[in-house]
**Q** 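Got a structure here, written out as structure tokens. Questions coming.
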Amino acid sequence: MTKKERFAFVISYFEQHAPNAETELMYDNPYQLLVAVILSAQCTDKRVNMTTPAIFERYPDVEALSTATFDELFPLIRSISYPNNKTKHLIGMAQMVIDDFHGDIPSTVPELIKLPGVGRKTANVITSVVHHQPNMAVDTHVFRVSARIGLTTNAKTPLQTELQLLKYIPKEKVHVAHHWLILHGRYICVARNPKCGECGLRPACKYYQQITKAQ
DNA sequence: ATCCCGAGGG
DNA sequence: CCCTCTGGAT
């Protein structure tokens, strides 16, 4: 099976059997999405969603967040990963948006990456979800699932995965493909003991071919 | 013990 | 390239 055929199978499969999410990041606007994605690093969506309502109530917009103090915000973030870093990042992000971007959340990857706490993955999520730009955010799920299936070969960094995926996924499908891979990784192609028995991608999956061949 | 929609710094 | 940050679920 060529790589092109593999991509075609995966895209076709997901178009007919789109995975549905049990929990997803909650947000009502770009500001809330940016905060939620910054908080989501090495943390489940469910846990992020437990913290964001209080944050959005206390800091309803980026200007309010820019005036927050560390001691005020920290307790609201205390129960998720890296609360120290994330508290500093959120306040720094809000201040930079106010000072350097006139209070508007930037809409391009190079601008977003300048914000504290915002790396390539987060920038790709914002531009993809909010502005429908054909950018592929590569998180731990997309990285693992793509490698297992064989959509990527020898990808050692998220950037390599991103570039290899963009080469074969039509631009208009990048956004939805990102979501497919995330959800597939979260519920089926999990890191430990992937549920190959429930996976419809078996005919196109390199990992499944290997483990069945080894029997 | 390993993983979760990573980022920043060396 | 590496390391550190660092809480909760499984």
Side-chain angles (χ1 to χ4, degrees), chain A residues 14 18-27 30-52 54-55 70 73-97 105-106 109-131 133 135-149 151-152 154-162 165-166 169 174-195 207:
Chain A
F14 282 131
N20 49 338
E22 295 170 22
T23 54
E24 285 204 74
L25 248 33
M26 302 190 301
Y27 64 94
Y31 158 68
Q32 292 190 358
L33 177 62
L34 182 53
V35 170
V37 176
I38 289 174
L39 291 177
S40 73
Q42 296 301 106
C43 187
T44 60
D45 285 4
K46 193 190 289 184
R47 184 136 289 277
V48 173
N49 289 339
M50 291 170 64
T51 71
T52 45
I55 297 174
F70 183 92
L73 182 56
F74 182 80
L76 303 181
I77 300 175
R78 182 73 184 86
S79 65
I80 64 177
S81 318
Y82 318 134
N84 269 293
N85 286 343
K86 287 173 181 176
T87 300
K88 293 175 196 165
H89 287 160
L90 286 183
I91 297 173
M93 174 278 287
Q95 291 177 346
M96 189 179 286
V97 169
I105 307 293
V109 169
E111 290 176 317
L112 283 162
I113 285 179
K114 293 178 184 171
L115 300 174
V118 179
R120 189 172 186 87
K121 181 259 174 178
T122 301
N124 279 334
V125 170
I126 302 299
T127 55
S128 165
V129 174
V130 177
H131 305 285
Q133 295 173 26
N135 296 333
M136 175 63 71
V138 178
D139 59 31
T140 178
H141 292 306
V142 174
F143 185 83
R144 178 185 67 253
V145 172
S146 301
R148 269 198 191 141
I149 298 172
L151 298 179
T152 56
N154 293 327
K156 288 168 186 167
T157 66
L159 180 57
Q160 290 172 3
T161 297
E162 177 184 330
L165 292 178
L166 288 178
I169 301 176
V174 168
H175 170 55
V176 62
H178 163 251
H179 216 66
W180 290 335
L181 293 171
I182 295 270
L183 296 178
H184 190 66
R186 196 183 295 173
Y187 301 121
I188 304 291
C189 196
V190 293
R192 288 176 291 196
N193 303 116
K195 303 172 181 173
Y207 178 82

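Note: hydrogens, waters and symmetry copies are ignored here, and every other heavy atom, side chains too, is used.
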**Q** Do A:I105 and A:L33 make a side-chain contact, defined as non-hydrogen atoms from C-beta onward lying under 4.5 Å apart?
**A**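 No, every pair of side-chain atoms sits at 4.5 Å or beyond.
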**Q** Please lay out, stage by stage, how A:K121 and A:V138 fare under the test side-chain contact (heavy atoms from CB on, under 4.5 Å).
**A** CA-CA 6 Å; A:K121 181 259 174 178; A:V138 178; 5.9 Å; no
**Q** Does A:T44 form a side-chain contact (heavy atoms from CB on, under 4.5 Å) with A:V48? I'd like the steps, not just the answer.
**A** CA-CA 6 Å; A:T44 60; A:V48 173; over 6 Å; no
**Q** Have A:H179 and A:E24 got a donor and an acceptor in their side chains that come within less than 3.5 Å?
**A**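 There is such a pair (donor and acceptor under 3.5 Å, judged by atom type) between the side chains of A:H179 and A:E24.
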**Q** Is the distance between the ring centroids of A:H184 and A:F14 under 6.0 Å?
**A** yes
**Q** Can you give one letter per nucleotide of nucleotides 2-10 of chain B, going 5' to 3': B for a protein heavy atom under 4.0 Å from the base, S for sugar-phosphate only, - for none?
**A** BSBBBSS--
**Q** Is any side-chain heavy atom of A:T87 closer than 4.5 Å to one of A:I91?
**A** yes
**Q** Begin with the C-alpha distance, continue with both residues' side-chain angles, and end with the deciding distance and a verdict on side-chain contact (heavy atoms from CB on, under 4.5 Å) for A:S79 and A:T51.
**A** CA-CA 8 Å; A:S79 65; A:T51 71; 4.1 Å; yes
**Q** Considering only atom C1', compute the distance from B:dT2 to C:dT6 and round it to an integer number of Å.
**A**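 These two C1' atoms come out 14 Å apart once rounded.
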**Q** Say we look at B:dC3 and C:dC5: how far apart would their C1' atoms be, to the nearest angstrom?
**A**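 Between the two C1' atoms, the distance is 16 Å.
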**Q** Does anyone know the first and last nucleotide of DNA chain C in reach of chain A, 5' to 3', at under 4.0 angstrom to a heavy atom?
**A**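 It runs C:dC1 to C:dT10.
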**Q** Select base, sugar-phosphate, or nothing to describe what A:P158 touches, counting heavy atoms under 4.0 Å on all strands.
**A** nothing
**Q** A:T23 and A:D45: side-chain donor and acceptor closer than 3.5 Å?
**A**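 No, because no side-chain N or O of A:T23 sits under 3.5 Å from a partner of the opposite role on A:D45.
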**Q** For A:T157, answer base if it contacts any base atom (sugar-phosphate contacts may also be present), sugar-phosphate if it contacts only those atoms, and nothing otherwise; contact means non-hydrogen atoms under 4.0 Å.
**A** sugar-phosphate
